[in-house]
Each structure stands twice: as C-alpha cells, then as structure tokens.
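Numbers here are sequence positions counted from 1. As the structure is a prediction and not an experimental result, all values here were calculated from the model.
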Amino acid sequence: MDLINLKAIFSSYGCKKVYVKKLAPNDNSKNQVYLAGSFDILNIFPIKEILNEPAGDWKKERFKAKIDFSWVVEDGTLSDAPYSQLILYPKYPEVRFSGFLLRSKKAPSKLMATRLADRLLFLGVTDKGKILGYVASPDSPLAKEVNNNSFDNYGVFRIIELSLFEDNRVKLISELFRIYNMGWIKSKRLDSVGNVMVCESPNCGGYTLEAELGITPNGFSEPDFLGWEVKQFGVDNFEKINSKVITLMTPEPTHGYYKTDGAEAFIRKYGYNDLNGVPDRMNFGGIHRAGELHHRTNLRMEVMGFDNETGKIRNTDGAIVLVDDKGREAASWSFSSMLLHWNRKHNQACFVPSMSENNGGRSYKYGNKVIIGVGTDFQLFLEQMVKGNVYYDPGIKLENISTKPKVKKRSQFRVKSGDLQSLYKTSEILDLTQNNS
C-alpha cells in the first residue's frame, strides 16, 4: 500500500478527506485509541446512536456512540467491524475509539493490539456515512511517505485532501451568489423526488432557497448541501441581520409527560386557549428560557446535569427539562439525543437572510451578507441554553378539540442571529459580492 493507492481506495468509496493519526503505545485495542480532547470530533465522524452510561461518579460518566466502521483490506475490499464505537468522557472531555477488532474478520489485529509507537491510523468518511480505517506500521513505505509530506492539521490528525473533491465551501458561496443575483424568486418547494411544487405559505423562504440549491426533503438529520447546513431567516433590511430569530433545530421530546401520554394530552394539560380567539383550538407556545417560569404555561425550563462554571456535562443522563409547579417532568430532551442531532447537523452552517413580498403570489429574494459558522460542540449549545441565549420557543397546537382533534408538533430551539457566534469556534459575516467579484 502506498499513498497513491490509499487515496484511490478512499476516494472510490466516496471519502473527501483522509485523517491521519500517529498512534502512541497506549493507542491499542486494550486501552482504546485517543481521538480528541473535545466532542467536536463528532462533527467529522458520524455516529448512529448515543447511549448514556450514568455511573453516579462524575469520573466514570461516559457516553457510548455507535458508528458504522470498516477496515480497508490491502486489496481495497472492506472488513466490517460491527462492535466499533466512540467512547465520550465528559469529565475531561475526550473521545476514544474502541471495539474495532471484535468480530472483524480481516481487521489489522497485529498492529492494533500492540503497543508499537508511531503506527499511522488513517480514517475517512464515505458519502454514505460509513467510517473507513487503515493502519500502517511505522517502517512501512506508506508511513515514510506520509511522514515526509506536510499536511494541514485538525486536532491530533493530519488531513490528506482527496483531489477528486472540490472545495465545498467555495461551491456553496458560488451558488448563494448566483441566487442573490436572481433577485425576486417565485415561492416554491421540491417534493421528495425533485419536482417543483407551488408553495404559498408564509414559511416558504427556506423551501424556496432549498429548491434553488437542489435540496429535496428526506426526513434525515443530515447537513443540507455538500456537508453544509443551510438555514434561511427573514429580515426587513439586508443591512440589519444581527437581531433576527433563527430556528436551530426542532427535536421532539424524548421523555416526560409529552412522551408517555402523547402530544394531545400534553397540550390539554399544559396548553391554553388560542390567544386570537380561534374557536376549538389550544396552543402551547412562548419563549421558555432556562431558570425562568413561563407565565402562560407555568412550566420552568431546567438544564440538568450540566456544570456551567466548567462548561462540562456532569451527568450523562442529563437533560433539558420542562418542569411543572409540582416538580413533574412535563417534557424533556436527553443530552444523548440532543448531542446526536446537534453535532450531526451544525458543524458547518450557513445562515442566509431573506425578504418576501406577496403581490399576487409570494416571492423571495436573498441577501448578499450571510453568516458562516464552523466548528461547534454540544457543550457550547448547553452553555448558551443556561445563559438564555438559546431558548425553547414551541409552536404546538391542537385543533378541532371537540370533534376530530388534530395536533401540529413544532418543538423549536431558537437563537437570535447576533448570538450565533457563541455557538461556533469560528464565525463571520461574509459578503458574497466581495467573494465572487
């Protein structure tokens, strides 16, 4: 195996980059392989499911994240490693890799079970979300070739760019510049197979932008465009984009009365009659911030299991919780479910302002200044929840209460555009006209 062959194999499976880590003696199947000193590594390596393992002792608390991992064999075929997982330790925090040899028929057991220093571990992510791995001994031609080259770094990794794939950020900016130059665009949306459909509701700004980008609804929590999450938000003036509300994500509660008894029972118990007097309808809405009692729902939002002073998760069974006046859990979102959703969607995000008009038909146009955020961590999200910058602002309603009750679910976590920078390690307001001149 040489570098040319390795790059060709990883490219053939749809990988865009190869991440290379020089392994220390403790990086082995017995001690696990150290990958990162923060949870932001989950932005790179996709996970399928997160399980929390509460231990009652902060030093032993951990999450287990299942991954779809296979070893690359010398002939370019794959050997599945079905018990592979990432172990997340919130105390430090750090992420380790384990289970990668168990039941994998052609796994590189001799190299990954040893304490040999300076082995090279190569990891890539396919276009279907599978993680591929290959390991080389320190005296191999491949290791020598890699060690004699210089590459960009990401944490403990060196990054080998695969030339088959272009810079997706450049392509995204180019597409947004094209859409900006189109001016007013008739409101529309795409169906699941890409057909253009009419869209006349007030919330079609996002659908219209997605349609121009060729993004079809798929029901999966994955980034929208070439690894970028693209979100639209409405403004009145393209020069004032820092004070508008942006919906970050819309996860359904995982526990509490909402989950056990259903959304309809939840609204009947904690909701209120429609404020505009719409008959036979109840709503559950309003901004719920951590530590505050909402005057209308009488529920208090709490972030349980997170230490804001250290910025670390104290309990892996922690959750964002709505509590009623009797201390009962009305609804909650487990850290494990929220972590999975947040890191999968938000590592690279672009927020695009829009304006709308309705002159015999709805139309949208999109601004030249967009907000770019890169590099996030779920613990940053929790910090901003505790501070009240990120908040719960649902739009849940129950219609036809007395005849055929119909529930509309919309559990929204939102933030003002001016606070987005606190959720990302790097952020900027990018003028498309200056980057495409």
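- Aromatic ring centroids of Tyr392 and Phe413 lie under 6.0 Å apart.
- Between Phe238 and Lys365 the shortest heavy-atom distance is CZ-O, 3.5 Å.
- Residue Ala65 comes nearest to Ile47 through the heavy atom pair CB-CG2, 3.7 Å, listed as atom of the first residue, atom of the second, then distance.
- No cation-pi contact links Arg96 to Tyr34, judged by a cut-off of 6.0 Å to the six-membered ring centre and 45° from its axis.
- The heavy-atom pair separating Val72 from Tyr134 by the smallest distance is O-CD1, 3.4 Å.
- Less than 6.0 angstrom separates the ring centroid of Tyr19 from the ring centroid of Phe45.
- Judged purely by distance below 3.5 Å, without hydrogens or angles, the side chains of Glu357 and Ser363 never pair a donor atom with an acceptor atom.
- Shown here is Asn237, whose CG atom has more than 12 heavy atoms of other residues, nucleotides or ligands within 6.0 Å.
- Cation-pi contact between Arg158 and Phe151: absent, since separation from the ring centre below 6.0 Å together with deviation from the ring axis within 45° is not met.
- A donor-acceptor contact closer than 3.5 angstrom links the side chains of Asn31 and Asn28.
- Between the side chains of Asn368 and Asp431, at least one donor-acceptor pair of N or O atoms lies under 3.5 Å.
- Between Arg281 and the choices Asn273, Asp274, Asn276, the side-chain hydrogen bond (donor to acceptor under 3.5 Å, both in side chains) rule is met once, by Asp274.
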- Message: Pair Arg300, Glu329 - check salt bridge (charged side-chain N to carboxylate O under 4.0 Å, His left out), show working.
- Response: CA-CA 10 Å; Arg300 179 185 298 274; Glu329 190 174 293; over 6 Å; no

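- Looking at Ile131, Asp127, Ile160, Thr126 one by one, the single match for side chain to side chain contact (heavy atoms under 4.5 Å, CB included) with Cys15 turns out to be Thr126.
- Relative ring orientation between Trp71 and Phe100 is described as perpendicular, the plane-to-plane angle rising above 60° on a 0-90° scale split at 30° and 60°.
- In this structure, Trp342 and Phe381 have tilted ring planes: the angle between them lies in the 30° to 60° band.
- At least one donor-acceptor pair closer than 3.5 Å links the side chain of Asp191 to the backbone N or O of Asn195.
- Counting only N and O atoms by type, the side chains of Lys130 and Ser70 include a donor and acceptor under 3.5 Å apart.
- Here the side chains of Val386 and Leu382 are not in contact, with every heavy-atom distance at 4.5 Å or above.
- Checked against the 6.0 Å centroid criterion, the rings of Tyr270 and Phe284 do not qualify as a close aromatic pair.
- Donor-acceptor pairing under 3.5 Å is lacking for the side chains of Asn52 and Asp317.
- Side-chain polar atoms of Glu212 and Tyr366 form no donor-acceptor pair below 3.5 angstrom.
- Relative orientation of the Phe39 and Phe63 rings is perpendicular, given thresholds of 30° and 60° on the angle between their planes.
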- Stepwise salt bridge (charged side-chain N to carboxylate O under 4.0 Å, His left out) test for Asp27 and Lys21: CA-CA 10 Å; Asp27 289 325; Lys21 181 184 189 291; 2.7 Å; yes

